[in-house]
2 protein chains.
Amino acid sequence: MMVSTKGRYALTVMTDIARNSDGGYVSLADIAERQKLSMKYLESIIAILNKGGLLESLRGKNGGYKLARDPGDYNISEILLLTEGTLAPVNCIMQDGVQCEKAATCSTLPLWAGLDKVIENYLSKITLEDIINGNRRKMLGDYCDHCDTL
Amino acid sequence: MMVSTKGRYALTVMTDIARNSDGGYVSLADIAERQKLSMKYLESIIAILNKGGLLESLRGKNGGYKLARDPGDYNISEILLLTEGTLAPVNCIMQDGVQCEKAATCSTLPLWAGLDKVIENYLSKITLEDIINGNRRKMLGDYCDHCDTL
DNA sequence: CTTATTCCTACCTCGGTGGTAGGATTTGTC
DNA sequence: GACAAATCCTACCACCGAGGTAGGAATAAG
């Protein structure tokens with residue numbers, strides 16, 4: 001599994017806030033209630049989003065969280081990357097410049113690199129707004145005959 | 001991580017056999033030696049490939065393993081699917097017909113379905129032969145301007 | 001009958017996932 | 001000023017899959 005509950009819940013939180021904010025702050029309790037998820041666990045995930053600058057928060061009564069930008073300005077890749085740490089499908093393609101010692105002679109490496117690229121390409125093209133609007137054509141790719149058969 | 005060492009080593013084993021078989025059987029010890037991997041661990045992985053019908057085996061002296069088909073007739077998806085069990089990037093898209101209970105109202109599900117499709121599409125188009133031949137254009141996709149910018 | 005090999009079963013360690021618990025701090029409202 | 005509603009912070013924990021290891025039984029070639 002490439003994306004754990006952390007990343008999935010992060011995305012759920014972002015869409016929930018986008019939908020229910022209306023300019024104001026949305027409380028953690030409300031999100032947990034609506035999404036039927038553990039408030040305590042969501043809290044730890046939201047903290048990541050907040051520290052990462054994807055959300056803005058207000059403490060105290062009537063406080064909560066709101067998006068730092070317009071939904072269309074978030075791509076899914078950055079949300080998942082922040083919460084998951086990496087989106088690489090395999091260990092041997094780790095980003096931080098550290099390469100597998102066998103990389104030079106590894107014949108399967110191009111495959112993993114290609115897979116990584118395909119994933120990153122897909123996720124970076126889709127925005128939070130696409131999810132809110134239920135843009136199925138963009139997400140499921142039915143519109144692209146070429147890519148379907150390729 | 002979507003693909004563990006099990007799947008990666010499985011692919012490494014398949015390419016090693018394809019390269020070194022020459023019609024005959026390749027022994028586990030030789031593969032482990034060439035690839036610098038634990039023979040005991042490889043053994044458990046090769047057992048899956050063998051039971052799954054991707055390899056043929058011969059016991060006893062001068063025994064070993066060989067491919068059941070031509071390299072060009074294996075696509076990477078089936079090799080990884082057999083060893084990993086699933087290639088789904090998230091838990092909530094599990095294949096066996098069992099769906100998440102929130103599926104009907106989940107706005108992020110199409111995203112995961114689309115991601116799953118993109119991955120499956122990529123891996124099913126590449127063959128073992130492509131890896132052996134180092135077909136970088138196909139694996140890294142540089143030839144497709146359209147898909148690059150899409 | 002010896003040797004090289006696959007086949008089978010059982011076991012082990014470690015780190016990450018998926019949480020839970022409790023309290024400290026901040027802010028709006030009366 | 002008190003209270004309530006909210007975020008923020010630190011610590012803890014159980015479970016399970018990843019990534020192996022170990023030892024021996026069965027089989028086939030020479």
Side-chain angles (χ1 to χ4, degrees), chain A residues 1-10 12-13 17 20-21 24-33 35-66 68 80 83-86 88-92 94 100, chain B residues 1-10 12-13 17 20-21 24-33 35-66 68 80 83-86 88-92 94 100:
Chain A
M1 226 52 56
M2 196 178 56
V3 180
S4 66
T5 56
K6 215 195 261 183
R8 284 197 286 126
Y9 290 0
T12 299
V13 162
I17 293 175
N20 298 286
S21 169
Y25 292 90
V26 181
S27 84
L28 176 56
D30 286 353
I31 301 172
E33 164 64 20
Q35 304 298 331
K36 306 290 177 205
L37 295 174
S38 152
M39 179 169 152
K40 275 300 188 183
Y41 187 38
L42 278 194
E43 192 185 328
S44 67
I45 293 167
I46 258 187
I48 301 172
L49 296 170
N50 194 24
K51 281 181 187 166
L54 300 194
L55 291 177
E56 285 173 6
S57 68
L58 179 67
R59 301 176 71 168
K61 199 160 184 175
N62 299 327
Y65 303 91
K66 67 176 179 183
L80 295 180
T83 46
E84 295 289 331
T86 175
V90 288
N91 246 331
C92 55
M94 288 306 269
C100 170
Chain B
M1 227 52 56
M2 195 176 59
V3 180
S4 67
T5 55
K6 214 194 258 183
R8 284 197 286 129
Y9 291 0
T12 298
V13 162
I17 293 175
N20 297 287
S21 170
Y25 291 89
V26 180
S27 84
L28 177 55
D30 286 354
I31 301 173
E33 164 63 20
Q35 304 299 330
K36 305 291 178 205
L37 295 173
S38 152
M39 178 169 154
K40 275 299 188 182
Y41 188 36
L42 277 194
E43 191 184 331
S44 66
I45 293 167
I46 257 187
I48 301 173
L49 296 169
N50 194 25
K51 282 180 186 164
L54 301 194
L55 292 177
E56 285 172 8
S57 68
L58 180 68
R59 300 176 72 167
K61 200 161 185 174
N62 298 330
Y65 303 92
K66 66 176 178 183
L80 295 180
T83 46
E84 295 287 331
T86 175
V90 289
N91 245 332
C92 56
M94 289 306 271
C100 170

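As the structure is a prediction and not an experimental result, all values here were calculated from the model. Chain letters run A, B, ... following the sequence lines, proteins first, then strands; residues in each count from 1.
Regarding Glu84(A), its CD atom lies at a distance of 13 Å from the P atom of dG16(C), rounded to whole Å. The separation between Ile48(B) atom CD1 and dT6(C) atom P is 16 Å, rounded to whole Å. Atoms CG (Leu37(B)) and P (dG19(D)) sit 12 Å apart, rounded to a whole Å. Taking atom CD of residue Glu33(B) and atom C1' of nucleotide dA4(C), one finds them 16 Å apart after rounding to whole Å. Taking atom OH on Tyr41(A) and atom P on dT17(C), their separation rounds to 8 Å, with Å as the unit. Taking atom NZ of Lys66(B) as the reference point, atom P of dT6(C) lies 14 Å away to the nearest angstrom. Atom OH of Tyr25(B) and atom C1' of dT27(D) are 14 Å apart (whole Å).
Tyr65(B) has its side chain out of reach of Val13(B): every pair of non-hydrogen atoms, C-beta onward, lies at least 4.5 Å apart.
OP1 and OP2 of dT17(C) both lie 4.0 Å or more from every side-chain N or O belonging to Thr5(A). For the pair Tyr9(B) and dG20(D), the criterion of a side-chain N or O lying under 4.0 Å from OP1 or OP2 is met. Contact check, Ser4(B) against dG19(D): a side-chain N or O comes under 4.0 Å of OP1 or OP2. At the phosphate of dT21(D), OP1 or OP2 sits under 4.0 Å from a side-chain N or O atom of Ser38(B).
Checked against side-chain hydrogen bond (donor to acceptor under 3.5 Å, both in side chains), Thr12(A) has no partners two or more places apart in sequence or in another chain. Listed by chain and number, the residues in a ring pair (Phe, Tyr, Trp, His ring centres under 6.0 Å) with Tyr25(B) amount to none (sequence neighbours excluded). With sequence neighbours excluded, the residues forming a side-chain hydrogen bond (donor to acceptor under 3.5 Å, both in side chains) with Ser57(A) are Asn50(A), listed by chain and number.
The minimum heavy-atom distance between Ser4(A) and Glu84(A), with the atom names listed, is OG-OE2, 2.9 Å.
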Determine, for nucleotides 4-14 of chain D in 5'-to-3' order, which nucleotides have protein heavy atoms under 4.0 Å from the base (write B), from only the sugar-phosphate (write S), or from neither (write -). -BSBBB-----

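Under the salt bridge (charged side-chain N to carboxylate O under 4.0 Å, His left out) criterion, the residue pairs touching residues 43-66 of chain B are Lys40(B)-Glu43(B), with sequence neighbours excluded.
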Hey, mind stepping through Asn20(A) and Asp30(A) against side-chain contact (heavy atoms from CB on, under 4.5 Å) and telling me if it holds? CA-CA 10 Å; Asn20(A) 298 286; Asp30(A) 286 353; over 6 Å; no

